[in-house]
Amino acid sequence: MKNILMVIAPEGYQDVEYGDPKQIFLDNGFKVTTTSTEEIAYGKFGGTTKVDLLLNDVKAEDYDAIVFVGGPGTTVYFSNQKALSLARSFAESNKVTSAICAGPGILANAGVLTGKKATSHPAVVDIVSPRCENYTATDTEQDGKIITANGPASAKKFAKVIVKNL
């Protein structure tokens with residue numbers, strides 16, 4: 001069984017970008033592990049999630065894919081060394097390395113978008129665009145095993161692209 005790691009902000013994760021993909025992953029028979037820096041995470045729209053594992057306890061080798069969920073709280077990971085290290089580890093291992101909305105800012109800061117096509121929420125275009133080869137501004141973008149999306153309206157399509165790659 002493939003295991004997907006979903007990284008959500010402790011406060012202000014995007015509820016739809018977490019909930020819709022997670023349900024699609026479960027419906028397709030994948031195991032989903034949710035991680036954050038706190039045991040309870042709070043969504044932008046009132047969702048509450050008890051995380052399965054704290055971020056500092058995550059081992060990249062235990063997962064087949066990583067998903068950085070967006071939302072305003074995601075910026076806490078833009079300089080979080082564990083999050084950046086995980087992004088690099090997944091990308092270097094040629095595993096599905098994905099991010100939606102503000103999440104591609106993490107991939108950009110980790111250096112994994114160099115030479116790649118990517119998209120993101122317009123709020124982080126200034127971070128993502130200069131650190132990728134081709135900023136497409138499309139709803140969902142894939143370059144190799146790097147998958148990015150622009151926001152909640154793309155969450156289901158984003159999840160289906162990830163499923164297809166696993």
Side-chain angles (χ1 to χ4, degrees), residues 2-9 12-25 28 30 32-36 41 43-45 55 58 60 63-166:
K2 301 277 187 181
N3 196 355
I4 300 173
L5 181 68
M6 296 188 78
V7 182
I8 60 175
Y13 67 85
Q14 215 293 344
D15 305 65
V16 172
E17 295 168 0
Y18 172 64
D20 286 359
K22 181 179 180 181
Q23 192 57 56
I24 288 169
F25 300 151
N28 279 275
F30 297 108
V32 177
T33 301
T34 302
T35 186
S36 188
K44 174 182 178 182
F45 296 109
L55 187 67
V58 169
Y63 304 93
D64 302 291
I66 191 166
V67 178
F68 289 100
V69 174
T74 303
T75 58
V76 301
Y77 294 127
F78 284 10
S79 60
N80 178 295
Q81 290 310 304
K82 179 66 175 188
L84 298 174
S85 169
L86 284 169
R88 282 190 290 271
S89 178
F90 276 81
E92 289 164 4
S93 300
N94 200 35
K95 292 181 180 180
V96 170
T97 307
S98 63
I100 185 169
C101 192
I106 300 162
L107 303 185
N109 287 344
V112 302
L113 297 180
T114 305
K116 302 285 186 186
K117 288 187 299 185
T119 192
S120 71
H121 189 277
V124 295
V125 69
D126 57 326
I127 295 168
V128 177
S129 182
R131 292 182 175 97
C132 68
E133 179 69 26
N134 180 11
Y135 185 84
T136 64
T138 53
D139 61 353
T140 306
E141 192 58 64
Q142 178 175 359
D143 191 327
K145 297 280 186 176
I146 306 285
I147 302 165
T148 52
N150 66 356
S154 309
K156 289 179 181 173
K157 180 178 177 184
F158 171 70
K160 289 173 184 169
V161 173
I162 293 167
V163 167
K164 188 175 137 208
N165 280 271
L166 289 171

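Just so it is clear, the values below take in all heavy atoms, side chains as well, and ignore hydrogens, waters and symmetry mates. Values in this document were obtained by computation on a predicted structure and should not be read as measured data.
- Although no hydrogens or angles enter the test, the distance criterion places no donor-acceptor pair under 3.5 Å between the side chain of Ser98 and the main chain of Ile147.
- Taking all atoms of both residues into account, the shortest heavy-atom contact from Val112 to Arg88 is CG1-CA, 3.7 Å.
- Taken from SG in Cys101 to CD in Glu17, the straight-line distance is 4.0 Å, to the nearest 0.5 Å.
- The two residues Ala108 and Val128 come nearest to each other via the heavy atoms CB-CA, 4.0 Å.
- Judged by distance alone, with hydrogens and angles left aside, the side-chain atoms of Asn3 form no donor-acceptor pair with the main-chain N or O of Asp64 at under 3.5 Å.
- A side-chain donor-acceptor contact under 3.5 Å links Ser93 to the backbone of Ser89.
- A 6.0 Å sphere centred on NZ of Lys156 holds no more than 12 heavy atoms belonging to other residues, nucleotides or ligands.
- Cation-pi geometry between Lys95 and Phe90 is met: under 6.0 angstrom from the ring centre, within 45 degrees of the axis.
- Formation of a donor-acceptor pair under 3.5 Å by the Lys157 side chain with backbone atoms of Ala149 is not found in this model.
- A donor-acceptor pair under 3.5 Å is formed between the side chain of Tyr135 and the backbone N or O of Ser120.
- Contact record, Ile106 with Leu84: O-CD2, 3.5 Å, taken as the closest heavy-atom pair.
- Looking at Thr74, its side chain does come within 3.5 Å of a backbone N or O of Gly71 through a donor-acceptor pair.
- In this structure, Asn109 contributes its side chain and Phe78 its backbone to a donor-acceptor pair below 3.5 Å.
- For Tyr77 (side chain) and Ile8 (main-chain N/O), a donor-acceptor pair under 3.5 Å exists by modelled atom type.
- In this structure, Ala41 and Ser36 approach most closely via the heavy-atom pair CB-OG, 4.3 Å.
- Judged by distance alone, with hydrogens and angles left aside, the side-chain atoms of Asp15 form a donor-acceptor pair with the main-chain N or O of Phe45 at under 3.5 Å.
- A donor-acceptor pair is defined here as one N or O able to donate and one able to accept, closer than 3.5 Å; no such pair exists between the side chain of Thr119 and the backbone of Asn150.
- For the pair Lys160 and Thr140, the minimum side-chain heavy-atom distance is 4.5 Å or more.
- Asn80 has its side chain within reach of Leu55: a pair of non-hydrogen atoms, C-beta onward, lies under 4.5 Å apart.
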